[in-house]
Number of protein chains: 2
Amino acid sequence: MSPAAETEAPWARRPKRADGRRNYDAILEAARVAFANRGTGASLEDIAKAAGVAIGTLYGHFPTRETLVEASVREQLDQLDQAATTLTEEDGDALGALTAWVRLAVEHCSTYRGLASFLAGSAHTAGAPLHHTGVIVHKAVAPLLAKAKEAGRIRADVTAEELYAVITAAAWTRENSPEQVDHSVRLLAFVTEGMAPQAG
Amino acid sequence: MSPAAETEAPWARRPKRADGRRNYDAILEAARVAFANRGTGASLEDIAKAAGVAIGTLYGHFPTRETLVEASVREQLDQLDQAATTLTEEDGDALGALTAWVRLAVEHCSTYRGLASFLAGSAHTAGAPLHHTGVIVHKAVAPLLAKAKEAGRIRADVTAEELYAVITAAAWTRENSPEQVDHSVRLLAFVTEGMAPQAG
DNA sequence: ACCTGAACACCGTTCAAGT
DNA sequence: ACCTGAACACCGTTCAAGT
């Protein structure tokens, strides 16, 4: 498998022609603003208008809403992947490293209202644009989880899939929390305690 | 405050005229089927068609989608409320009673795909039709929570609001789980362990 | 290779007219 | 008091024509 095959997805590729790249970038930027303000269900016509392109141009680059959502969080996901590597290499508190990364993952998955639902919806559909996120999360969390288990801080039977369910559930809770209090913090605290070996 | 004011909501009242009641019931039944098959975002026109009424009739009885969703789960909510009373009166395992009721509540809140999001959305909006659900859950869970605390099975600082966040998050997880495995079961198990006094 | 925007489809919501 | 359905608005999606 070539490096390009790993990094380049079949959907939403950045065009080669200069005008195409300009439009692609403008659409992405407008989408990020719209998703941040209105959630992932924001009007695609409004996004095209804000980007200064016709609606057909948007569809040319992003054939489905999901491809646009995926592209709008792709860079952030790369950072999340790298953070897992950094945290795994650090010596010290294995449980702290795991929980720190889980919190980063929850923040990523709650970037926009509606993102958690998109992620959950494509979690079990191989080939879906946002299925990639689940794959990355699984791969990234595996070594962190293994180290925490070796250190005796997490039950041996906790799986990466269960952690992903926890992360998306916490992200959804965060999306839906009132501005004053983020209920996902306490939810994660309870879950973390519950995953400790001494419990139960 | 009269008893009627407590039980009768200002939205979605069952009409007094016979033809009105027939249509009201037919719409509700069609809505339950449509919500079960397509989630709470199901087409209202299709529901009206299935009920054999004009779209205006549907809007006459249920001015917003939320009122229709609320009415479609109201009876079930009453049962959930009664179950809390029964479980509170039982002698025996206080933690078991609490967790049994929480599981019933999770099932209620995941009756239809999309219901958990409706509930979370109206949780902090007094006056919203589905805000009622949150109020009932809070009232119902309070004595169960108090007994579990007295028995030393749950941390003293756990609030009913936190439990409601846990319930809706678990319901959302259940809605989004693949058919083979319900991830909310493990999520609830972890949270329950994490709420125990000996943890942390 | 990429862009445009008209055209079509579908659905939510309102309201004047009716019984 | 309740019902009807046409009318309007808004949005997603496609595609023939253009550069």
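The shown structure was predicted, so the numbers you read here are calculated from the model rather than taken from an experiment. We name chains A, B, ... by the order of the sequence lines, and we start the count at 1 in each one.
- Rounded to a whole Å, the CD1 atom of B:Ile47 is 15 Å from the C1' atom of C:dT13.
- Of the listed nucleotides (D:dT13, C:dC3, D:dC3), D:dC3 has the atom at the smallest distance from the side chain of B:Asn23.
- Pair assignment for C:dA1: D:dT19, on the basis of Watson-Crick or G-U wobble contacts that are both within less than 3.5 Å.
- Here the side chain of B:Ile55 is nearest to one of D:dG5, C:dG5, D:dC2, namely D:dG5.
- Rounded to whole Å, the distance from CG on A:Leu68 to P on D:dC11 is 16 Å.
- Put simply, the residue from B:Arg21, B:Arg22, B:Arg17 that forms a salt bridge (Lys or Arg N to Asp or Glu O under 4.0 Å) with B:Asp19 is B:Arg17.
- The side chain of A:Val53 approaches C:dT4 more closely than any other nucleotide in the set D:dC2, C:dC2, C:dT4.
- Between D:dC2, C:dG5, C:dC3, one nucleotide has an atom nearer to the side chain of A:His61 than all others, and that is C:dC3.
- The nearest whole Å value for the distance from the CZ atom in B:Arg22 to the P atom in D:dT4 is 11 Å.
- As rounded to whole Å, 12 Å separates atom P of D:dT13 from atom CD of A:Glu66.
- The B:Glu45 side chain lies nearest to C:dC11 when the options are C:dC11, C:dC2, C:dC3.
- The side chain of A:Ser43 places no N or O atom within less than 4.0 Å of a non-bridging phosphate oxygen (OP1 or OP2) of D:dC10.
- Take the nearest nucleotide of DNA chain D for B:Arg21 and for A:Pro63: the residue whose nucleotide is more 5' is B:Arg21.
- Ion pair B:Arg186/A:Glu162 flagged as a salt bridge, since at least one NZ, NE, NH1 or NH2 atom sits closer than 4.0 Å to an Asp/Glu carboxylate oxygen.
- Protein atom CG of B:Asp46 is 11 Å distant from nucleotide atom P of C:dC10, rounded to whole Å.
- One can place CZ of B:Arg14 at 12 Å from P of D:dC2, the figure rounded to the nearest angstrom.
- Under the 6.0 Å cut-off for aromatic ring centres, A:Phe62 and A:Tyr24 qualify, their centroids lying closer than that.
- When the P atom of C:dT14 is taken as reference, atom CZ of B:Arg65 falls 13 Å away, rounded to whole Å.
- As a whole-Å value, the separation of A:Ile27 CD1 from C:dC3 P is 7 Å.
- A donor-acceptor contact shorter than 3.5 Å is absent between the side chain of B:Lys149 and the backbone of B:Arg155.
- Cluster annotation: B:Ile55 and B:Val33 are assigned to distinct hydrophobic clusters (Ile/Leu/Val/Met/Phe/Trp/Tyr, side-chain heavy-atom contacts under 4.5 Å, transitive).
- The partner of D:dG12 is C:dC8, by the rule that a Watson-Crick or G-U pair needs both atom distances under 3.5 Å.
- If you find the closest nucleotide of DNA chain C to A:Gly56 and to B:Thr64, the one lying nearer the 5' end belongs to A:Gly56.
- Comparing atom distances between the B:Arg17 side chain and each of D:dG12, D:dC2, C:dA1 picks out D:dC2 as nearest.
- As judged by a 4.0 angstrom heavy-atom cut-off over every strand, B:Gly60 is placed among residues making no nucleic acid contact.
- Here A:Ala48 lies out of heavy-atom contact (under 4.0 Å) with every strand.
- A salt bridge does not link A:Glu45 to A:Lys49: none of the charged side-chain nitrogens sits closer than 4.0 Å to a carboxylate oxygen.
- Across D:dG5, D:dT14, C:dT4, the shortest atom-to-atom separation from the side chain of A:Tyr59 is found for D:dT14.
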